[in-house]
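Remember, predicted model here, so these are calculated numbers, not experimental data. The figures here come from the full heavy-atom set of this structure, side chains too, leaving out hydrogens, waters and symmetry mates.
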Amino acid sequence: MGKNESFFGFERDNGSAGVRNRVGIISLMDNSNGLALKIHNNVRETDLVTDLFGRKMIGRNHEMRMKAIHGMAMNPNICAVVLVSLHKPSTDAFAGPIADAGKDVECIAFQEYGSTFRTIEAGTVAAAKLVRKHSTQHRVELPLSKLIFGSECGGSDFSSGLSGNPALGHAADMLMDAGGTVVLSETAEIMGAEHLLAERSVNQSVAAAIVQSIADMEEMSRMGGVEDIRKTNPSADNINGGLTTLAEKALGAVKKAGTKTLQGVVDYCDPVVPNPPGFYFMSTPAPACESMTGFAAGGCQIIGFNTGLGQPSSHPFTPTIKVSGNPLTAERGFDDLDVDVSDIMRGQMSIEEGGEKIFNELMSVANGRRTFTELFDTGQSTIGVAGASF
């Protein structure tokens, strides 16, 4: 394999590949978030996912939560997981399928110990043993066809559709040309441009699925009391940043996933199976943390995140490359942005040159370079709640 055809990652038994080799600390209930945070803080090489709910959820929300947590636990960047909860039945519900899939998993249930300190102590020891066990695994050369890249944007402004998103899209095309897979999300933010994705679909079934995902989101918004979701976008910060219409925002949003044929549409937090590799769409809520939780659960190992006005979001299990094409944001975000493509707006850099700069960063991160949000440990995971946000 030659340059830009491979990366050095962690090979998993199921054939997937991680760009990180971390132990995931996953809280399964709101009341165990504090315990999980303490365990995470006690052990290096761990990443934390918390849960705002976790009890008495029903119907679609229960299904979404089950898929999200299982999917994040199975993310290739995570070599093992520690599940933290109130009682044993709740940890067992997730641990069995994770173990059956061949991943190391330890369960820490508060009621098994009856003591905050003993629970934290048990979780700390369990996490430390897992980190130590997997610390002997080394990176090996793997083809880029093993990579699944989530393409995200947030804090959009006038520059997003002119510089940052098209450059991110060119990087996405470069990855797909090398055999990789790219996932676009945020259903409500492609409204007005869905016909372009339908025209790029591999067949009529996929074209119908992308249109149906919009219809489903609109129906869910009506059930939530919002008669016309299209009037909720652009958001207030988008308008302050110079965006004028939903169509303008959507046309810029779809740019960030490149120009390839749409191979498939998956539901929120469903696994993205790259067969064939290429371009996929995941129907997700638009808020970035909820959308990126879908990416992590779907198996994305890296996320590219373009922001016009600045946006701190990242996911704890999936390194998030922050990009901006806004000169002012790039200047202010010296400690937040991984890639500055603002010279596109100055006429001193082409879209293609900006895309190559992002792709080079993608390759570096795949090979182990840390992103700013990893270094600051500011990643957040939020499982979407049906009807609560769009």
Legend entry - Polar side chain donor-acceptor pair, Asp173 to Thr259, under 3.5 angstrom: yes
Inset, instruction - Say whether, by atom type as modelled, one donor and one acceptor occur between the side chain of Asn77 and the main chain of Val19 under 3.5 angstrom. - result: yes
Legend entry - Side-chain heavy-atom pair Ile78, Lys103 within 4.5 angstrom cut-off: yes
Inset, instruction - To the nearest 0.5 Å, tell me how far Phe295 CZ sits from Thr284 OG1. - result: 6.5 Å
Inset, instruction - Using atom types as modelled and distance alone, determine if a side-chain donor or acceptor of Ser27 lies under 3.5 Å from a backbone N or O of Asn33. - result: yes
Inset, instruction - For the pair Asp343 (side chain) and Gln348 (backbone), establish whether a donor and an acceptor sit closer than 3.5 Å, ignoring hydrogens and angles. - result: no
Inset, instruction - Using a strict cut-off of less than 4.0 Å between a Lys/Arg side-chain nitrogen and an Asp/Glu carboxylate oxygen, indicate whether Lys357 and Asp340 qualify as a salt bridge. - result: no
Inset, instruction - Mind checking side chain to side chain contact (heavy atoms under 4.5 Å, CB included) for Phe10 and listing every partner two or more places apart, or none if nothing turns up? - result: Arg12, Asn21, Gln137, Arg139
Legend entry - Spatial distance of atom CG (Leu243) from atom CG (Leu251) [nearest 0.5 Å]: 11.0 Å
Inset, instruction - Please answer whether the main-chain N or O of Cys300 pairs with a side-chain N or O of Asn75 as donor and acceptor at a distance below 3.5 Å. - result: yes
Legend entry - Polar side-chain atom of Lys38 near backbone of Leu35 as donor-acceptor pair, under 3.5 Å: no
Legend entry - Ile98 side, atom CD1; Cys107 side, atom SG - distance, nearest 0.5 Å: 8.0 Å
Inset, instruction - Answer yes or no: is there a donor N or O on one side and an acceptor on the other, between the side chain of Gln301 and the main chain of Lys146, under 3.5 Å? - result: yes
Inset, instruction - Classify the side-chain pair Ser283/Thr187 by whether it contains a donor and acceptor separated by less than 3.5 Å. - result: yes
Inset, instruction - Measure the CG-CG distance between Asp51 and Asp30 for me, rounded to the nearest 0.5 Å. - result: 7.5 Å
Legend entry - Between Ser6 and Glu141: side-chain donor-acceptor atoms closer than 3.5 Å: yes
Inset, instruction - Please tell me if the side chains of Glu152 and Ser185 come closer than 4.5 Å, counting only heavy atoms from C-beta onward. - result: yes
Legend entry - Ring geometry between His315 and Phe317 (parallel below 30°, tilted from 30 to 60°, perpendicular above 60°): perpendicular
Legend entry - Option from Asn360, Leu362, Ile321 for which side chain to side chain contact (heavy atoms under 4.5 Å, CB included) with Val339 holds: Ile321
Inset, instruction - Consider only side-chain N and O atoms of Ser90 and Ser85, and report whether a donor and an acceptor are under 3.5 Å apart. - result: yes
Inset, instruction - Answer with yes or no whether the side chains of Asn14 and Ser16 bring together a donor and an acceptor at under 3.5 Å. - result: yes
Legend entry - Result of checking Ile190, Val206, Val183 against Phe281 for side chain to side chain contact (heavy atoms under 4.5 Å, CB included): Ile190
Inset, instruction - Hey, could you give me each pair passing side chain to side chain donor-acceptor pair (under 3.5 Å) that has a residue in residues 111-127? Not counting sequence neighbours. - result: Asn42-Thr124
Legend entry - Straight-line distance of Tyr268 OH to Thr293 OG1, nearest 0.5 Å: 5.0 Å
Legend entry - pair Arg20-Glu374: side-chain heavy atoms closer than 4.5 Å: yes
Inset, instruction - Go through the side-chain N and O atoms of Ser160 and Asn165 and say whether any donor and acceptor fall under 3.5 Å apart. - result: no
